Amino acid sequence: MLIVVKLIFNISLESSKTHSISVILQKNNNIMLQIQFIRENKEFVIERLKIKNFDATDIVANIIDIDSKRREAQIKSDELLAKLNQLSKEIGDLFKSGKQTEANTLKEQVAQLKAEAKIFADSQEQYEHEQQQLIVLLPNLPHSSVPIGKTAEDNKVVFSEGDASNLPSDALPHWELTTKYRLIDFELGSKITGAGFPVYTGKGARLQRALINFFLDEAIAHGYIEVQPPYMVNEASAYATGQLPDKEGQMYHATLDNLYLIPTAEVPVTNIYRDVILKEEDLPLKNCAYSACFRREAGSYGKDVRGLNRLHQFDKVEIVQINTQEESYKTLEEMKEYVASILRKLELPFHILRLCGGDISFTSALTYDLEVYSKAQQRWLEVSSVSNFETFQSNRLKLRYKDATGKTKLAHTLNGSALALPRIVAALLENNQTPDGIRIPKVLVPYTGFDMITL
RNA sequence: GGAGAGAUGGCCGAGUGGUCGAAGGCGCGCGCCUGGAAAGUGCGUAAGCUCCAAAAGGGCUUCAUGGGUUCGAAUCCCAUUUUCUCCGCCA
């Protein structure tokens with residue numbers, strides 16, 4: 001079956017290269033679907049956000065207050081505009097029947113009304129703007145199954161598989177293996193660009209390419225349609241998936257053209273569906289994409305960033321799905337299982353965490369992290385994060401679908417890494433080291449063209 | 001980068017100041033016709049906000065985006081974005 005999706009790139013940013021986020025918010029003034037929910041479920045919103053350790057009491061109260069002012073202003077402005085429209089018609093009729101004088105009298109009246117209407121229209125716009133500014137401060141509501149907790153310590157292990165206990169105690173960490181086998185040159189990357197931009201060489205480079213192809217082929221075999229997105233996005237896209245305004249400092253910003261380097265392919269791929277109304281029968285929509293990812297990771301330091309653990313530029317294959325509100329959690333489970341199946345094929349020991357309220361992201365309703373165990377580092381490495389955003393992104397994207405009854409609803413968006421390369425590479429190198437070299441898992445051999453990395 | 005021409009609903013396409021949220025066609029939905037289908041035929045078919053307890057129904061906004069002229073703008077003016085054609089440059 002071929003799914004044809006109409007892509008509407010209705011990017012309407014004005015010329016100025018210096019405009020702020022708030023300008024966009026103003027333009028997208030019909031992102032207000034969410035306000036009804038907040039208005040009608042005030043207490044519920046506040047309660048749920050406590051799970052994310054977020055006190056929304058003041059913001060919500062403020063939003064609702066502004067909302068009633070906004071609506072008041074709209075009622076007034078609408079009334080006046082309606083009157084204006086009617087008078088304009090009358091003037092037209094009067095001119096046609098030659099009644100110039102009467103028409104001119106009406107014109108004066110209209111001028112008066114117009115000035116009055118403008119006042120209300122302006123304040124309506126102002127309120128809308130203020131309200132939007134506040135609404136974007138609210139994180140997504142966590143799903144009811146999100147565990148209570150403050151830090152990563154409180155995440156719940158929901159699944160565990162594989163055994164990493166058979167490594168010798170003198171196993172080397174990957175940053176030593178990559179040097180020993182000349183797979184990655186971190187210093188060379190520093191010379192060319194800076195820390196966190198490694199140069200992959202020889203079999204190291206070939207391993208990268210092999211993994212990317214393996215991940216893409218797997219995804220395609222599971223029904224995902226591959227796309228190759230741009231690596232830079234505009235402000236509207238970054239906003240729609242929630243990178244802006246929340247994580248502005250995380251992205252590299254090309255200021256001259258006001259474009260952002262993507263921190264993940266999720267951003268451009270999800271934005272394919274910005275301003276789109278799908279049909280229910282088109283769902284679920286499944287895309288996969290390889291991209292380089294760029295993250296400033298401001299504030300990171302120490303052993304967490306050693307070697308491949310945290311990079312400014314890395315490779316990742318991302319999977320994205322769009323589904324109905326009813327089906328999205330089934331989809332989330334399916335995606336989680338899919339990522340687990342890849343880890344299994346790579347013969348890596350892993351476990352799956354359900355993130356607690358304190359650790360789950362701003363935009364997500366429910367997230368599973370998949371972590372691979374590295375004996376050499378004696379720690380778990382996060383290699384994938386699979387999330388259901390429910391309507392949080394689609395609300396900003398204006399991504400909707402018509403259900404069977406013809407009603408237009410917000411779609412649910414989901415995505416996950418499948419997978420992020422650096423930590424997979426780290427785990428593969430560390431866990432597969434033998435006295436004779438590093439063993440390549442069977443599934444990868446057709447892709448790499450070699451089954452051992454030797455000196 | 002230079003010159004020119006465009007941007008209208010799910011799609012194609014008409015529309016140069018009021019009667020235009022927008023002709024006509026395609027597509028889609030419902031019905032009629034048919035033993036069933038095709039053809040034919042009739043009706044319907046944008047989104048957001050808002051009023052109303054809700055439905056029905058009303059109001060406002062939207063013809064790339066923003067601003068301007070006008071009593072009144074899809075239509076006129078300005079800026080921007082973007083598409084196409086030609087030239088230049090280039091992997």
Side-chain angles (χ1 to χ4, degrees), chain A residues 3-20 22-40 66-118 120-129 131-132 135 230 233-237 257-259 273-282 394-411:
Chain A
I3 300 173
V4 181
V5 180
K6 220 202 116 227
L7 312 182
I8 306 174
F9 292 103
N10 188 11
I11 298 155
S12 58
L13 296 183
E14 61 286 40
S15 59
S16 153
K17 307 297 184 195
T18 56
H19 55 265
S20 64
S22 59
V23 176
I24 295 176
L25 304 188
Q26 214 167 0
K27 305 284 149 68
N28 286 339
N29 61 3
N30 44 1
I31 313 171
M32 308 201 56
L33 305 142
Q34 197 182 320
I35 180 61
Q36 284 171 9
F37 184 83
I38 297 174
R39 201 194 294 151
E40 284 156 24
I66 291 171
D67 187 54
S68 64
K69 288 183 188 156
R70 187 198 105 234
R71 285 189 290 162
E72 248 168 66
Q74 179 171 356
I75 293 168
K76 294 240 175 72
S77 134
D78 281 3
E79 270 173 16
L80 289 170
L81 287 174
K83 209 182 273 179
L84 267 177
N85 288 339
Q86 212 202 312
L87 286 179
S88 294
K89 261 180 202 157
E90 282 175 29
I91 290 173
D93 291 341
L94 287 173
F95 271 127
K96 264 181 214 157
S97 49
K99 296 174 182 163
Q100 301 275 347
T101 356
E102 292 177 44
N104 284 328
T105 323
L106 272 187
K107 271 196 195 178
E108 280 166 38
Q109 260 191 59
V110 164
Q112 191 89 21
L113 276 176
K114 212 176 155 185
E116 214 179 318
K118 177 141 174 54
F120 288 111
D122 284 352
S123 71
Q124 181 191 348
E125 196 176 313
Q126 180 60 28
Y127 287 133
E128 258 169 36
H129 182 223
Q131 190 173 37
Q132 250 346 278
I135 285 176
V233 294
N234 58 31
E235 221 174 358
S237 293
D257 297 297
N258 198 28
L259 297 173
Y273 305 99
R274 175 144 51 88
D275 264 322
V276 169
I277 301 179
L278 298 162
K279 290 185 194 148
E280 184 164 351
E281 66 246 38
D282 294 335
S394 59
N395 186 37
R396 296 171 172 220
L397 288 159
K398 288 185 272 167
L399 163 56
R400 291 148 292 171
Y401 66 98
K402 278 202 197 298
D403 71 7
T405 66
K407 219 179 136 196
T408 306
K409 294 161 106 174
L410 287 173

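Side chains are part of it too, since the values below use all heavy atoms of this structure and drop only hydrogens, waters and symmetry mates. This is a predicted model, so every value here is computed, not measured. Reminder, nothing fancy here: chain letters follow the sequence lines and each chain counts from 1.
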Rounded to whole Å, how long is the line connecting atom [atom1] of [X] with atom [atom2] of [N]?
X      : N     : atom1 : atom2 : value
A/I277 : B/U62 : CD1   : C1'   : 13 Å
A/K398 : B/A46 : NZ    : P     : 19 Å
A/F95  : B/G72 : CZ    : P     : 11 Å
A/H129 : B/G66 : NE2   : P     : 14 Å
A/D122 : B/G66 : CG    : C1'   : 15 Å
A/E116 : B/C71 : CD    : P     : 18 Å
A/E79  : B/U61 : CD    : P     : 14 Å
A/E72  : B/C51 : CD    : C1'   : 13 Å

How far apart are the closest heavy atoms of [X] and [Y], and which atoms are they?
X      : Y      : value
A/R39  : A/D67  : NE-OD2, 2.6 Å
A/L84  : A/K114 : CD1-CA, 4.0 Å
A/L113 : A/K83  : CD1-CD, 3.9 Å
A/S77  : A/Q124 : OG-OE1, 3.7 Å
A/F120 : A/L80  : CD1-CD1, 3.7 Å

**OP:** Could you pick out which residue, A/S77 or A/K89, lies toward the 5' side of RNA chain B when each is mapped onto its nearest nucleotide?
**Re:**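 Final value for this comparison: A/K89.
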**OP:** Name the residue closer to the 5' end of RNA chain B, choosing between A/R39 and A/K402 according to the nucleotide with the nearest heavy atom.
**Re:**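 Counting from the 5' end, the first nearest nucleotide belongs to A/K402.
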Nearest-Å distance once atom [atom1] is located in both [N] and [M]:
N     : M     : atom1 : answer
B/C63 : B/A22 : P     : 14 Å
B/U82 : B/U65 : C1'   : 10 Å
B/G25 : B/G13 : C1'   : 8 Å
B/C71 : B/G17 : C1'   : 12 Å
B/A74 : B/G67 : P     : 15 Å
B/C20 : B/G27 : C1'   : 23 Å
B/C12 : B/G18 : C1'   : 28 Å
B/A79 : B/G59 : C1'   : 32 Å

Hey, does [X] reach any base, or is it just sugar-phosphate, or nothing, if we go heavy atoms under 4.0 Å?
X     : answer
A/L81 : sugar-phosphate
A/N85 : sugar-phosphate
A/I75 : sugar-phosphate

Subject >> Residues in side-chain hydrogen bond (donor to acceptor under 3.5 Å, both in side chains) contact with A/K69, at least two apart in sequence or another chain >> reply: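 Expected list: A/D65.
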For [N], take OP1 and OP2 only and decide whether either is under 4.0 Å from a side-chain N or O of [X].
X      : N     : result
A/Q36  : B/U50 : yes
A/K279 : B/C28 : no
A/R400 : B/G48 : yes
A/K83  : B/C71 : no
A/R71  : B/C51 : yes

Nucleotide paired to [N] in any strand shown, Watson-Crick or G-U, under 3.5 Å:
N     : answer
B/G35 : none
B/G21 : none
B/C26 : B/G10
B/A91 : none
B/G4  : B/C84
B/A79 : B/U65

Original post:
With no hydrogens and no angle check, is any side-chain donor or acceptor of A/S394 less than 3.5 Å from a backbone partner on A/L410?
Top reply: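 Not at all, since once roles are kept as given, no pair shorter than 3.5 Å links the two residues.
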Subject >> B/C60 base / A/Q74 side chain donor-acceptor hit below 3.5 Å >> reply: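 Check fails, no donor-acceptor contact within cut-off.
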Subject >> Side chains of A/N234 and A/S237, donor plus acceptor under 3.5 Å >> reply: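 Yes, because at least one side-chain N or O of A/N234 sits under 3.5 Å from a partner of the opposite role on A/S237.
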**OP:** Looking only at side-chain atoms of A/A82, point me to the closest of B/A47, B/C71, B/G59.
**Re:**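 So the nucleotide nearest the side chain must be B/G59.
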